[in-house]
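Below, all heavy atoms of this structure are taken into account, side chains as well, without hydrogens, waters or symmetry copies.
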Amino acid sequence: MAGSERLGVAIVGLGGAVATTAVAGMELLRRGRVDTRGLPLAGAKDMGLTEYGALTFGGWDLFEEDLEKAARNHAVLTDSQMEAVAPVLRGMRPWPAASNAKFCKNVVGTATKKTRGLREQVQAIREDLTRFKKEQGLERVVVVNLASTEKSVDLTRPEFATPESFEKALDANDAEIGPAMLYAYAAIVDGIPFANFTPSVAADVPALLELARRTGAPIAGKDGKTGQTLLKTVLAPALRDRALHVDGWYSTNILGNRDGEALNDPASKQNKLDTKGAALDSILGYKVQDHIVQIQYYRPRGDNKEAWDNIDVTGFLGQPMQIKLNFLCKDSILAAPLVVELARTLDLAKRRGEGGVIDALGCFFKAPMSPDGQPVEHAMAEQQRRLMTWLSKGRTRQAEHPPERLRG
């Protein structure tokens with residue numbers, strides 16, 4: 001059955017905190033050392049999703065250390081958890097990654113692909129995926145981008161308009177094609193599902209959106225919705241529905257992991273701020289004049305992110321009120337389960353024959369992609385309803401078309 005077939009999850013940024021947490025978490029789950037708390041779709045039974053135990057991980061990173069060393073450095077796992085999975089993580093080492101310091105100035109590693117141009121980098125990524133599938137005996141593969149945030153690019157450039165113009169730009173080594181786009185293209189051109197968990201420009205390039213429709217590659221993104229924005233998209237609909245006018249919303253974050261270090265670069269930070277700030281006005285139906293979002297790198301916190309929110313609202317008779325939130329997050333503990341669920345749902349979409357943007361997965365993202373320019377839904381409750389409706393289609397299809405061995 002599809003649910004138990006081995007699925008490869010190829011991660012861009014395999015040595016990062018989120019990826020090592022996902023890998024370790026699935027290994028701990030296999031060993032019965034943890035339960036399924038925090039995995040949003042653990043209760044979605046009989047919907048065709050691949051089983052957690054059938055996931056096999058691999059991927060790329062700019063740092064060549066094995067995953068045990070990487071995980072110890074990120075310090076997300078407890079000591080007992082680390083010791084339980086250390087032998088497995090020690091045997092996993094990332095593949096050399098595509099790199100361009102122009103797109104992410106503060107994260108520069110040594111394990112980079114030795115290729116002369118963009119076309120060669122794409123071909124090397126495709127060969128990595130082919131080898132991964134063959135060596136691990138996998139039925140299918142999904143690619144998830146967890147790399148550090150890149151600077152933004154202009155999506156309206158003619159080179160990004162069509163698959164044909166993008167191909168020419170690749171051959172010309174266009175300086176505006178970043179690593180995230182290369183990974184997206186390498187997956188999509190072969191019909192492999194691709195998720196962009198970062199704010200970087202990847203599959204949202206118009207040329208790659210069209211290519212995904214042509215090749216039948218399911219895609220989803222972008223920028224994982226894990227902490228502060230999750231709460232914002234839960235609370236804002238309630239304020240809207242109670243007619244409490246939001247006069248201002250001040251949000252700030254401090255974090256000290258590699259993601260935070262990358263965001264110390266102003267160009268990368270601005271790309272992140274753009275995705276974090278998009279949801280509020282859409283949900284409320286008006287522009288909040290004083291909506292401020294800040295992110296600060298604070299090394300001592302490591303992966304333990306802290307988010308503060310101050311919300312000023314006006315209610316009946318013009319009376320002002322305030323709401324204050326303080327979320328002490330564990331960044332990777334929130335993000336890793338979503339990566340796992342994205343791999344499982346995109347694989348399900350591929351097996352169903354669905355290609356292009358899978359907008360039912362919008363609940364996982366701060367800036368959900370939308371097919372054909374349709375309006376984006378940001379309210380968490382409605383996003384969750386859409387996801388569960390989409391998932392339930394699999395149960396309906398199985399009932400209508402049961403496997404041959406079950407038919408009378």
Side-chain angles (χ1 to χ4, degrees), residues 8-27 56-77 81-82 85-115 121-122 124-125 127-129 131-132 143-151 178-184 186 195-200 202 224 255-265 267-269 272 297-305 330-333 335-336 339:
V9 184
I11 295 177
V12 189
L14 183 65
V18 175
T20 54
T21 303
V23 175
M26 290 301 97
E27 184 61 27
T56 299
F57 293 90
W60 308 264
D61 206 280
L62 294 174
F63 300 89
E64 57 190 351
E65 60 189 6
D66 64 59
L67 295 201
E68 181 197 3
K69 291 179 180 177
R72 289 190 186 279
N73 182 56
H74 298 310
V76 176
L77 305 177
Q81 289 170 346
M82 187 73 243
V85 298
V88 173
L89 297 184
R90 193 178 306 133
M92 300 180 66
R93 193 176 293 271
W95 318 319
S99 175
N100 186 335
K102 173 184 173 182
F103 283 81
C104 191
K105 292 182 179 179
N106 285 359
V107 180
V108 180
T110 58
T112 59
K113 291 194 174 298
K114 310 302 181 186
T115 51
Q121 288 190 58
V122 166
I125 293 168
E127 290 172 358
D128 287 337
L129 291 170
R131 184 179 63 255
F132 179 44
V143 176
V144 182
N145 180 26
L146 294 180
S148 298
T149 301
E150 299 174 3
K151 75 176 186 71
M181 279 187 259
L182 296 181
Y183 286 105
N196 183 17
F197 207 72
T198 82
S200 305
L255 71 164
N257 56 16
R258 191 181 296 170
D259 186 39
E261 186 176 8
L263 294 174
N264 238 4
D265 171 47
S268 294
K269 179 185 286 189
K272 182 78 170 181
Y297 176 59
Y298 182 58
R299 185 186 57 79
R301 282 300 171 92
D303 202 65
N304 294 312
K305 182 169 70 174
K330 290 183 178 292
D331 206 29
S332 297
I333 295 299
V339 172

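- One finds the CE atom of Met26 at 12.0 Å from the OG1 atom of Thr56 (value rounded to the nearest 0.5 Å).
- The two residues Ala180 and Ala202 come nearest to each other via the heavy atoms O-CB, 3.7 Å.
- Side-chain contact between Met82 and Leu89: present, with at least one pair of heavy atoms (C-beta onward) separated by less than 4.5 Å.
- Taking NZ of Lys151 as the reference point, atom OG1 of Thr149 lies at 13.5 Å (rounded to 0.5 Å).
- For the atom pair CG of Asn100 and CG of Leu182, the computed distance is 8.5 Å after rounding to the nearest 0.5 Å.
- In terms of modelled atom types and a separation under 3.5 Å, the side chain of Glu150 and the main chain of Gly178 share no donor-acceptor contact.
- Residues Thr198 and Ser148 fail the side-chain proximity criterion, which asks for heavy atoms closer than 4.5 Å.
- Here the closest non-hydrogen pair linking Gly13 and Ala19 is O-CB, 3.4 Å.
- Interatomic distance, CZ of Arg301 versus NZ of Lys330, reported as 10.5 Å (0.5 Å rounding).
- Ion pair Arg131/Glu127 not flagged as a salt bridge, since none of the NZ, NE, NH1 or NH2 atoms sits closer than 4.0 Å to an Asp/Glu carboxylate oxygen.
- Using a 4.5 Å cut-off on side-chain heavy atoms (C-beta onward), Trp95 and Leu14 make no contact.
- At a threshold of 4.5 Å between non-hydrogen side-chain atoms, the residues Thr20 and Val76 do not count as touching.
- Here the closest non-hydrogen pair linking Arg72 and Ala86 is NH2-CB, 4.1 Å.
- Tyr183 places a side-chain N or O within donor-acceptor distance of the main-chain N or O of Ala98, the cut-off being under 3.5 Å.
- The two residues Asp66 and Arg93 make their nearest non-hydrogen contact at N-NH1, 3.7 Å.
- The shortest side-chain heavy-atom distance between Asp331 and Lys305 falls under the 4.5 Å cut-off.
- With Val12 as the fixed residue, the side-chain contact (heavy atoms from CB on, under 4.5 Å) test singles out one of Val144, Val143, Leu146: Val143.
- Between Ala97 and Trp60 the shortest heavy-atom distance is CB-CB, 3.9 Å.
- Minimum heavy-atom separation, Val18 to Ser332: N-OG, 3.4 Å.
- Around the CZ atom of Arg90, the shell of radius 6.0 Å holds more than 12 heavy atoms that belong to other residues, nucleotides or ligands.
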